[in-house]
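Note on naming: letters A, B, ... go to the chains in the order of the sequence lines (proteins, then strands), and numbering restarts at 1 for each one.
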Number of protein chains: 2
Amino acid sequence: MYNIREASTMTGFSLDTLRYYEKMGLIQPASRGTGGVRSYSDANVHQILSIKCLKQSGLSLEDIKDFIADGQCFRNKEALDDEEMKLIQSRMSILAAQLDRLEEQRQALDQTIAEARTKLDYYEKLMQS
Amino acid sequence: MYNIREASTMTGFSLDTLRYYEKMGLIQPASRGTGGVRSYSDANVHQILSIKCLKQSGLSLEDIKDFIADGQCFRNKEALDDEEMKLIQSRMSILAAQLDRLEEQRQALDQTIAEARTKLDYYEKLMQS
DNA sequence: CCTTGACCTGGAGTCAGCTCCAGCGTTTAC
DNA sequence: GTAAACGCTGGAGCTGACTCCAGGTCAAGG
């Protein structure tokens, strides 16, 4: 278990940002000690790192919230009832939409990287001559 | 030549956004008519579309400004003087830094896309059974 | 001429995502 | 038992990127 300062140095987010993400519903520290002191588990830290990756790929906090919602709610079940079916379908359409956007973004990113390389090459040649 | 409304529909940016980008120094419409009416050339529209691509790959307006600075300032020259050398070197280091960030971002993005696919597959299997 | 519609400007407002701060509660060290 | 160090909370403040608006200019149509 880690305190917020340790979690901060392990993940690279500031104390304030960790608290802010919690308020926004992205993280739930494993527990609270006396005086309400936050305590982060390894799983917590892992999740925060995964949030960092999602952020770095350009998702908004809302998108991240949608993205990480779930994961283990439906395991170990023989059958699903109607409610669960609907829930899963709505999650699937959200995920599918996100995936589309991410793939578009990747195309743009590839193009941008290629252009940056071209520019750099151009400058390099310019300097050599 | 296109007016701002045409430029807007051609590029997908709002009128206000186009004017805002101009104020931020990203675009210079080819000319102004009577009453200061903006007039965009094909080259302008092309550049705006390229800005759109840069935006979509996650660059800030400042980064975009750095990215598109230049391009034709040093063509057709036999030799470069000291000033120009320094300018090019500073541009190269900015571009190189951006390239690094972009490549990191692409790693994150690939990972995110892979995770999204995994999640979708998982849900799909869940629904089939 | 006068109205209508498209454009202009400067400035205010909005939203996301932090960041900072005052004031308060523990715990720890002297 | 008290001061320093750390954490907590609620709320204010800030930046980037728009978005909206009031008030003005100009061109064309009736």
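Of the charged side-chain nitrogens involved, none lies within less than 4.0 Å of a carboxylate oxygen, so that B:Lys86 and B:Asp82 do not count as a salt-bridged pair.
Less than 4.0 Å separates DNA chain D from at least one heavy atom of each of the following residues of residues 9-31 of chain A: A:Arg19. Of the residues in residues 35-62 of chain A, those with a non-hydrogen atom less than 4.0 angstrom from any atom of DNA chain D are A:Gly35, A:Gly36, A:Val37, A:Arg38.
In terms of the side chain to side chain donor-acceptor pair (under 3.5 Å) criterion, A:Asn3 has no residue partners (sequence neighbours excluded). When the salt bridge (Lys or Arg N to Asp or Glu O under 4.0 Å) test is applied to A:Arg117, the partners found at least two apart in sequence or on another chain are B:Glu103. Here B:Ser50 pairs with B:Leu54 under the side-chain contact (heavy atoms from CB on, under 4.5 Å) rule; sequence neighbours left out. With sequence neighbours left out, the salt bridge (Lys or Arg N to Asp or Glu O under 4.0 Å) criterion links B:Arg101 to B:Asp63. Evaluation of the salt bridge (Lys or Arg N to Asp or Glu O under 4.0 Å) rule for B:Asp42 yields no partner, not counting sequence neighbours. Partners of A:Gln105 under the side chain to side chain donor-acceptor pair (under 3.5 Å) rule, at least two apart in sequence or in another chain, do not exist in this structure. A search for salt bridge (Lys or Arg N to Asp or Glu O under 4.0 Å) contacts involving A:Asp16 returns A:Arg19, not counting sequence neighbours.
When DNA chain D is scanned in the 5' to 3' direction for atoms under 4.0 Å from non-hydrogen atoms of chain A, the outermost contacting nucleotides are D:dG7 to D:dT9.
The hydrophobic clustering, which links ILVMFWY residues whose side-chain heavy atoms are closer than 4.5 Å, places A:Leu99 and B:Met127 together. Linking Ile, Leu, Val, Met, Phe, Trp and Tyr whenever their side-chain heavy atoms come within less than 4.5 Å leaves B:Val37 and B:Tyr2 in two separate clusters.
Among pairs with a residue in residues 5-55 of chain A, those fulfilling ring-ring contact (aromatic ring centres under 6.0 Å, His included) read A:Phe13-A:Tyr21, at least two apart in sequence or across chains.
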I'd like a list of close polar pairs between nucleotides 1-3 of chain C and the protein, N/O only, cut-off under 3.5 Å.
none

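Phosphate proximity of C:dG25 to A:Thr34: absent, as no side-chain N or O sits under 4.0 Å from OP1 or OP2.
Counting to the nearest Å, the C1' atom of C:dC7 and the CE atom of B:Met1 are 17 Å from each other.
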